[in-house]
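Have a look at the structure below before the remarks.
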Amino acid sequence: MINIKRRSNQKLQIGIWKSMEGYDCVCFDLQHKVHYLHIDTHLDSNQIYQWVAQFFPSSTLEELSFIAAIAPQNTWIKTLILPYPLKPNECEQQCRFLLSKELPIPLNEIWFDYVSSVLKQGFKLDIFAIKKQIAKDYVSEYQTISIDVLDSAINSIIRAFEYLHQNELENDALLLYQDEQQSLAIQLHFQGMYFMQKIDKNLTALYQDFCQRYNFTPKKVYVCSQSQQFEDYPSDWVNINTDIPIIALGNALWQTTFL
């Protein structure tokens, strides 16, 4: 199992995801072992705390940080490739400028975040934005839990695939994910991120639609299905199996790096 490196001052992260069957919670202990809790009905922070106390007896409720994710159709995503690196304050200024130019919504009605990375030639800035009211309405579905971070489900799925694959995913790889709610195709590319979402559960059809829309044939395809429906995939697809809910797992991996 690959190791996880967290910031020294980082709180204990609980990845949480509202599924059709209830709420899925995922966390990692000090040995980087993953733990999973499913709650069918009412979401109670004390119930989660009692679960976490099995692995962290000295922890307090205030030391927990809840990370949730929202479906990508509710977010705005943009990637910029710049010729030189930006400082954090410059990244934020660039985000504000771009959002004010491209979205017909006042900045005070938007929450946004960004991920920056240095390329061999240039600088990459991935920007994610969401209307505040959409985010507030979604977070309210988590009942008594106070959500600290609301990420895009796309980011969570990528982190979970990378963790389960035990290695960095190839550039231009295609990730196919499905559960009982949705099917998603996500292409990793240094110039941006492309995705397609369907309600239909057939991943082979999703693959074909994605390749046709973006005129793209991936060299590597990774697939993870957490649906009850069985499908026979092409033999060259890399199948990723886990009993841990993918999006909750990816949420628990927020702001982590792998060693």
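Side-chain atoms are counted along with the backbone in the values below, which use heavy atoms only and exclude waters and symmetry mates. Positions are given from 1, in the same order as the sequence printed here.
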Which residues pass the ring-ring contact (aromatic ring centres under 6.0 Å, His included) test with [X], not counting sequence neighbours?
X    : value
H38  : none
F123 : none
W237 : Y207, Y233
F112 : none

Taking salt bridge (charged side-chain N to carboxylate O under 4.0 Å, His left out) as the definition, give me every residue that meets it alongside E90, ordered by chain and number, with sequence neighbours left out.
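Not a single residue meets the salt bridge (charged side-chain N to carboxylate O under 4.0 Å, His left out) criterion with E90.
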Which residues satisfy the salt bridge (charged side-chain N to carboxylate O under 4.0 Å, His left out) test with R213, sequence neighbours excluded?
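Counting only residues at least two positions away or on another chain, R213 forms no salt bridge (charged side-chain N to carboxylate O under 4.0 Å, His left out).
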Of all residues at least two apart in sequence or in a different chain, which pass the side chain to side chain contact (heavy atoms under 4.5 Å, CB included) check with [X]?
X    : result
Q197 : A71, P72, Q73, Q182, L184
D113 : none
Y84  : L86
D209 : M196, K198

Partner of Y194 under ring pair (Phe, Tyr, Trp, His ring centres under 6.0 Å), chosen from F216, F210, Y214
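Checked F216, F210, Y214 against Y194; only one passes ring pair (Phe, Tyr, Trp, His ring centres under 6.0 Å): Y214.
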How close do W17 and A69 get, heavy atom to heavy atom, and via which atoms?
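Heavy atoms only, the tightest pair is CZ3-O, 3.2 Å.
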Salt bridge (Lys or Arg N to Asp or Glu O under 4.0 Å): pairs with one or both residues in residues 13-40, sequence neighbours excluded
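Residue pairs with at least one partner in residues 13-40: there are none.
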Just grab all the ring pair (Phe, Tyr, Trp, His ring centres under 6.0 Å) pairs involving residues 124-153, residues at least two apart or on different chains.
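Checked against ring pair (Phe, Tyr, Trp, His ring centres under 6.0 Å) - neighbours excluded - the pairs reaching residues 124-153 are Y23-Y142, Y138-Y142.
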If you measure from CD1 on I154 to CZ on F195, what distance do you get to the nearest 0.5 Å?
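Answer rounded to 0.5 Å: 4.0 Å.
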Expected output: side-chain Q226 to main-chain I244 donor-acceptor under 3.5 Å
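A pair under 3.5 Å: yes.
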